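Working notes, beginning with the structure itself.
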Amino acid sequence: MRTVAVVGASLAGLSAARSLRKQGYDGRLVVIGDELHRPYDRPPLSKEFLAGTLGEADLSLETDDEDLRAEWLLGARAAGLDRAERAVRLADGREVRADGIVIATGAVARTLPGSEGLAGVHTLRTLDDARALRDELAAGGRLVVIGGGFIGAEVASTAYALGLDVTVVEAAPTPLSGPLGATMGDVVSALHMDHGVRLLCGVGVKGLSGERRVDAVLLEDGRSIPGDIVVVGVGARPCVEWLAGSGVELDNGVKCGADGRTSLAGVVAVGDCANWYDPRAGVHRRVEHWTGARERPDAAIATLLAGGAVEPGVPRPPYFWSDQYGVKIQFAGHAAAADSVTIEAGAADDRDVLAVYRRAGVPVAVLGMNQPRLFTRWRKQLAAASS
């Protein structure tokens, strides 16, 4: 291969570029990113950066002496992929021709219909999003978070520490029941109530009120929740529209094998936009976590450089963490695969707990709250059992 184009300049794209050099690729390397910023770390955006305890320089994912010998095209949005010409078309009219292509375009935060142009309404996905929200939170007031997932919970925790009046609205009966299951989702989400943050569950949002600036969130049950600032945390969708008509198979993102290979030869996908096959479960899964974006590019690049001739391995069980109200939450595996969950250490009421999820008696996931050592031990066992 003379040229490889990595489309996406966040963690997954940077990890792919590093893997290329680490695995011996010495040809032309082009990294394309739609943001103007160099690669930065996203997890702190909802926590330390939002709280003002971490600066922008601290978010950098690159070391001072790192040189990937790459051409960086930043502020350049991918608009199409021409499979006949092996070219990535950019929105500004340029083309990048490449023998190998890594798709790492990530995902974009979902918005609330009707909120466009209304001041005080935010999503949190990018550095620019975090800058704008941080400035507003610094002024104080009433915050309403729509969505009780991890991003919403972390924003609520940060805002609470900054002294804001916080309400979290979640449409599901139990927040975090998707990733954690209902039992442990209830335990983790109780952190809000432990700290006096209002949590309203089982009710959807009808819309927002306000002329130029939001002043309330309108619920489907007729209630109105006053708010000076609203954060919409209702998930993200994969950025794959630019691949329409390219021949790359799409299904909840880019449909991939267990090694990141796509339906087009010489094209692999990694990160939040990649829907990898999970050989343990026999289904495709899109893993939207930092660890997956860091680890999986190694396998995808090995596949790309070998022309698909390598045997795919079994990806490690997905792992993610969250920091809320001073509690370290760690999770590995798939809660949906479990038919039981048991607390192995600590107590749920103390928010100091290690819970193991099992299916037919076999561990398939583990959750830790302020149990880092015991969690790490169980995570290693889970990975060994899954390999």
Side-chain angles (χ1 to χ4, degrees), residues 1 3-33 38-43 60-63 65-70 72 98-107 238 248 253-281 284-321 332-334 376 379-380 382-387:
M1 288 186 180
T3 300
V4 173
V6 178
V7 189
S10 193
L11 175 62
L14 176 63
S15 297
R18 286 171 169 164
S19 291
L20 281 161
R21 295 308 190 200
K22 182 174 63 178
Q23 295 184 39
Y25 175 73
D26 60 1
R28 182 186 178 216
L29 173 59
V30 183
V31 182
I32 302 164
R38 300 285 293 197
Y40 60 88
D41 209 14
R42 294 186 191 274
S60 177
L61 288 170
E62 300 170 276
T63 59
D65 59 350
E66 186 170 27
D67 182 12
L68 293 172
R69 307 187 310 281
W72 292 84
D99 308 294
I101 296 170
V102 181
I103 300 170
T105 42
V248 172
V254 179
K255 192 173 184 179
C256 305
D259 52 5
R261 73 181 74 192
T262 72
S263 56
L264 285 186
V267 180
V268 296
V270 295
D272 290 1
C273 69
N275 191 10
W276 279 40
Y277 180 70
D278 184 342
R280 291 181 298 268
H284 284 78
R285 301 185 192 273
R286 198 160 56 83
V287 176
E288 299 180 79
H289 304 308
W290 191 97
T291 307
R294 172 61 189 86
E295 294 177 346
R296 291 192 173 189
D298 285 344
I301 294 305
T303 295
L304 181 68
L305 295 180
V310 296
E311 187 70 21
V314 178
R316 294 179 66 187
Y319 162 73
F320 60 87
W321 74 92
H334 295 286
T376 299
R379 183 189 174 199
K380 289 178 180 177
L382 195 66
S386 301
S387 61

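Throughout, numbering of the chain's residues begins at 1 and tracks the sequence. As the structure is a computational prediction, the values presented were derived from the model and not from experiment.
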#### Entry: Stepwise side-chain contact (heavy atoms from CB on, under 4.5 Å) test for L20 and V6
CA-CA 10 Å; L20 281 161; V6 178; 4.1 Å; yes
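Taking CZ of R42 as the reference point, atom CH2 of W290 lies at 13.5 Å (rounded to 0.5 Å). Between the CZ atom in R18 and the CG atom in L29 there is a gap of 12.5 Å [rounded to 0.5 Å]. Taken to the nearest 0.5 Å, the CD1 atom of I32 stands 11.0 Å off from the CD1 atom of I103. Here E62 contributes atom CD and Y40 contributes atom OH; the two are 13.0 Å apart, rounded to the nearest 0.5 Å. Once rounded to the nearest 0.5 Å, the distance linking CG of L61 with OG of S10 reads 7.0 Å.
When atom types are taken as modelled, the side chain of R286 and the backbone of D272 share a donor-acceptor pair closer than 3.5 angstrom. Side-chain atoms of R21 come within 3.5 Å of backbone N or O of R69 as a donor-acceptor pair. A donor-acceptor pair is defined here as one N or O able to donate and one able to accept, closer than 3.5 Å; such a pair exists between the side chain of T262 and the backbone of V267. With hydrogens and angles disregarded, a donor-acceptor distance shorter than 3.5 Å links the side chain of Y25 to the backbone of V4. The backbone N or O of V270 lies less than 3.5 Å from no partner atom in the side chain of R296, so there is not a single donor-acceptor pair.
Shown here for P297 and S15, the closest heavy-atom pair between the two residues is CG-CB, 3.7 Å. Summarising the geometry of D278 relative to R280, their closest heavy-atom pair is OD1-N, 3.0 Å, with the distance given to 0.1 Å. A274 approaches C256 most closely through the heavy-atom pair CB-SG, 4.1 Å. Nearest heavy atoms, G271 versus A12: CA-CB, 3.6 Å. Between L382 and A332, the shortest heavy-atom contact is CD2-O, 3.6 Å. For the residue pair G100 and L304, the shortest heavy atom distance occurs at CA-CD1, 4.1 Å.
Under the 4.5 Å side-chain criterion, counting only non-hydrogen atoms from C-beta, F320 is not in contact with P43.
R285 and H334 form a side-chain donor-acceptor contact under 3.5 Å, judged by distance and modelled atom types alone.
Looking at K22 and D298, a side-chain N of the basic residue comes within less than 4.0 Å of a carboxylate O on the acidic one, giving a salt bridge.
Paired with Y277 under the rule side chain to side chain contact (heavy atoms under 4.5 Å, CB included), one option of H284, K255, R261 passes, and it is H284.
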